[in-house]
K.L.:
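Pasting in a structure now, in structure tokens, and then I'll have a few things to ask.
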Amino acid sequence: MDEATIRVGGEDRIDLPIIEGTEGEQALDIGNLRRDTGLVTLDRGYGNTAETVSAVTFIDGEEGILRYRGYPVDQLVRESSFLEAALLLDRGELPSRAELDRYEEEIGRHAALPDGIASVLESFPAGAHPMQKLAAAVILLRPYLPEAGDPTDTESARLGAVHLMAKTAALAAWSYRSGADRIYTEPRPDLGYAANFLNMMFNPGDGAYELNPAHIRAMEALLVLHADHGQNLSTSAVRLVGSSQADLFSAVSAGILGLSGPLHGGANQRVIEMLEAILADGGDTRRYLDRAKDRNDPFRLMGFGHRVYRNFDPRSDLIKHHARSLLHEQDDPLLDLALQLEQEALADDFFIRRRIYPNVDYYSGILYRALGFPSEQFTVLFAIGRLPGWLAQWREMISDPQVRIKRPRQIYTGYPRRDYIPIDKR
Ligand code: SDX
């Protein structure tokens, strides 16, 4: 095994082992650094730090590669269903026909929501964001399912994952309907995952609603594309909270709330808001590009840039393809504007030098809009897609014999010791 030597103050302090992953990625294993040298490392935003090893998803940000358990994501989008991809992520192998049938049957059997959920969803104030409602509703499942989601019991952990895969789409659909027309369409697992979700979201219950096969295909593709992405913020939140042995529902709720931020999963909603603002402002893309480049302007080009991808995000191209094929009959000014803005940004030296490309959120909002979703639901759709990734990463963590509670160090920069001053003497 290769090693690296840490020299401090001119003296050799320690030889650190270098570990190598299956794709040639290398890391300094600093597990004994503080014990042997008294030093810790400082890495704001973890841009240089791997917190774990993982066999779930491989990302090569330089080459724009994304694979789930070794399978390229574009093949899975083309060939796989969302539930098949979920099983692959969780168990590490493509399921046999019998395994997939058993899983689909179990998901269908647990699809119904517990009584009382609807009244809780209706109790939210009108302005509650769907991501906050979803996070709260997921936590609410726990008291109804006390036998599920215990990380210290294999079957309970498995059952918790099944219930979340079975119920989260309905929780999302019902939380949307509780704010709109209060007609809850019961889950129809027989339709298939994506079709059932679209039916629960949009079927008004008067029998007039027809599922559009092109919409089902696009929804399935979006779900598979979002299914996992390594140690992104929301997955890291699930692992962090899960490392305290909190129940699975609590860990996933933390992931949902982490995903809601505009710099992470919340970007898809902000992309549409940005494009609508540019359109309303006369379509002056150059002015918005200049704002994004101005260090004194907090405006960022939403849907652009990525911590890992320093090349194109393979998911963005796949979503753009689906958006174009779904919208080829409709003349969507937002899609035209998005294509123009992308072209101008990719030709602009500021973005080229910083290797800033469209990410998964850039075109997903346009496709979600074409499927009929309101923009405040977009990040909920991201959460439903990312759920199998959270579950697979959580299970990988709780099954790891080397797992420890996650507790980063810090470098203190506050006051040195000082004595209390009574208030009348301040
Ligand atoms: C997701 O991690 C994952 O895998 C996430 C995700 C997943 O599947 O889970 O892929 C999903 O979160 C996608 C990202 C969605 N967020 C957005 O689209 C928001 C807009 N993007 C930026 O805020 C930013 O690019 C981030 C947050 C995505 C990445 O931030 P980093 O890695 O901390 O990069 P940075 O802020 O240090 O930027 C480096 C430089 C800076 O300029 P300088 O200080 O060098 O002059 O690039 C600039 C930044 O100002 N920059 C941008 C920009 N993104 C980076 N400038 C304008 N617009 C942008 N979008």
Side-chain angles (χ1 to χ4, degrees), residues 77 81-82 111 121 126 128-131 133-134 137 168-189 191-226 259-260 265-276 279 302-303 315-316 318-339 360-387:
V77 169
S81 70
F82 181 53
L121 291 172
H129 193 282
M131 285 293 273
K133 290 171 76 171
L134 182 63
T168 301
L171 285 178
W174 285 27
S175 82
Y176 169 61
R177 303 293 284 262
S178 68
D181 54 19
R182 284 178 173 50
I183 296 172
Y184 301 115
T185 303
E186 290 301 323
R188 285 275 313 278
L191 296 174
Y193 193 95
N196 171 39
F197 176 57
L198 293 171
N199 191 54
M200 289 189 290
M201 282 293 291
F202 300 121
N203 187 335
D206 57 6
Y209 180 69
E210 265 191 49
L211 284 159
N212 178 332
H215 287 199
I216 296 170
R217 276 195 306 277
M219 190 72 241
E220 199 86 36
L222 281 161
L223 291 169
V224 172
L225 271 170
H226 283 85
L259 187 70
S260 68
N268 51 25
Q269 179 178 344
R270 287 196 179 51
V271 167
I272 293 296
E273 290 163 1
M274 173 186 73
L275 293 172
E276 284 170 340
L279 213 52
M302 300 314 279
R315 301 167 297 177
S316 173
L318 287 163
I319 294 172
K320 179 163 65 171
H321 162 74
H322 276 278
R324 281 177 134 165
S325 57
L326 201 68
L327 289 166
H328 75 277
E329 293 144 3
Q330 303 166 25
D331 176 22
D332 180 354
L334 282 197
L335 177 59
D336 299 337
L337 180 65
L339 291 166
V360 67
D361 290 305
Y362 189 60
Y363 285 103
S364 56
I366 289 169
L367 190 44
Y368 289 143
R369 211 169 72 110
L371 294 173
F373 292 100
S375 62
E376 69 272 5
Q377 290 294 330
F378 291 175
T379 312
V380 169
L381 303 173
F382 192 149
I384 295 171
R386 183 53 52 88
L387 180 61

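In this text the structure is predicted, and so the values were computed from the model without any measurement.
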K.L.:
For the residue pair Phe382 and His226, categorise the inter-ring angle as parallel (less than 30°), tilted (30 to 60°) or perpendicular (more than 60°).
P.N.:
perpendicular
K.L.:
Could you tell me if the side chain of Pro130 sits less than 4.5 Å from the side chain of Tyr176, heavy atoms only?
P.N.:
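Side-chain contact under 4.5 Å: no.
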K.L.:
Before giving the answer on side-chain contact (heavy atoms from CB on, under 4.5 Å), spell out for Leu198 and Phe373 the whole-Å C-alpha distance, their side-chain angles and the decisive distance to 0.1 Å.
P.N.:
CA-CA 10 Å; Leu198 293 171; Phe373 292 100; 3.7 Å; yes
K.L.:
Quick one: CG on Leu225 to OG on Ser316, what's the gap to the nearest 0.5 Å?
P.N.:
10.0 Å
K.L.:
Measure the spacing between CG of Leu259 and OG1 of Thr379 and express it to the nearest 0.5 Å.
P.N.:
6.5 Å
K.L.:
Any sub-3.5 Å donor-acceptor pair from His328's side-chain atoms to Ser325's backbone N or O?
P.N.:
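Answer holds: yes.
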K.L.:
What verdict does the side-chain contact (heavy atoms from CB on, under 4.5 Å) test give for Leu275 and Val271, after you've listed the backbone C-alpha separation in whole Å, the side-chain angles of each residue and the deciding distance to 0.1 Å?
P.N.:
CA-CA 6 Å; Leu275 293 172; Val271 167; 3.9 Å; yes
K.L.:
So which atom in Leu279 and which in Pro333 form the shortest heavy-atom distance, rounded to 0.1 Å?
P.N.:
CD2-CB, 3.9 Å
K.L.:
Would His129 and Gln269 count as a side-chain contact (heavy atoms from CB on, under 4.5 Å) here? Give the steps.
P.N.:
CA-CA 12 Å; His129 193 282; Gln269 179 178 344; 3.1 Å; yes
K.L.:
May I ask you to test the Leu339-Arg324 pair for a side-chain heavy-atom distance under 4.5 Å?
P.N.:
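Heavy-atom side-chain distance check passes, below 4.5 Å.
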K.L.:
Applying salt bridge (Lys or Arg N to Asp or Glu O under 4.0 Å), name anything that partners Lys133, two or more places apart in sequence or on another chain.
P.N.:
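Here no residue qualifies.
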K.L.:
Would a distance-only check, ignoring hydrogens and angles, find a side-chain to backbone donor-acceptor pair under 3.5 Å from Arg177 to Tyr184?
P.N.:
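Not confirmed, Arg177 side chain does not pair with Tyr184 backbone.
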K.L.:
Could you tell me which residues satisfy side-chain contact (heavy atoms from CB on, under 4.5 Å) with Pro187, sequence neighbours excluded, listed by chain and number?
P.N.:
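side-chain contact (heavy atoms from CB on, under 4.5 Å) list for Pro187, sorted by chain: Ala111, Ala170, Pro189, Asn196, Met200.
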K.L.:
Show your reasoning for whether side-chain contact (heavy atoms from CB on, under 4.5 Å) applies to Leu222 and Leu371.
P.N.:
CA-CA 11 Å; Leu222 281 161; Leu371 294 173; 3.9 Å; yes
K.L.:
Can you tell me how far CG of Leu334 sits from CE of Met274, rounded to the nearest 0.5 angstrom?
P.N.:
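Met274 CE to Leu334 CG: 10.0 Å, rounded to 0.5 Å.
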K.L.:
Say you draw a straight line from CG of Leu326 to CZ of Arg369; how long is it, rounded to the nearest 0.5 Å?
P.N.:
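Result: 12.0 Å between the selected atoms.
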K.L.:
Under 3.5 Å, is there a donor-acceptor pair between the side chain of Glu220 and the main chain of Phe82?
P.N.:
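Yes, the answer is positive, given that a donor and an acceptor are paired below the 3.5 Å cut-off.
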K.L.:
Taking the side chain as C-beta and beyond, is there a heavy-atom pair between Tyr368 and Val380 under 4.5 Å?
P.N.:
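Answer no - side chains too far apart.
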K.L.:
side-chain hydrogen bond (donor to acceptor under 3.5 Å, both in side chains) with Arg270: which residues, sequence neighbours excluded?
P.N.:
none
K.L.:
Within the 4.5 Å heavy-atom criterion, are Asp361 and Ser364 side-chain neighbours or not?
P.N.:
yes
K.L.:
Counting distance only, does the side-chain N/O of Trp174 pair as donor-acceptor with the main-chain N or O of Thr185 below 3.5 Å?
P.N.:
yes
K.L.:
Return the OH to CG distance between Tyr363 and Asn268, rounded to the nearest 0.5 Å.
P.N.:
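With rounding to 0.5 Å, OH (Tyr363) is 15.0 Å from CG (Asn268).
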K.L.:
Could you state the interatomic distance from CG (Leu191) to CG (Asn203), rounded to the nearest 0.5 Å?
P.N.:
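Here the rounded value is 9.5 Å.
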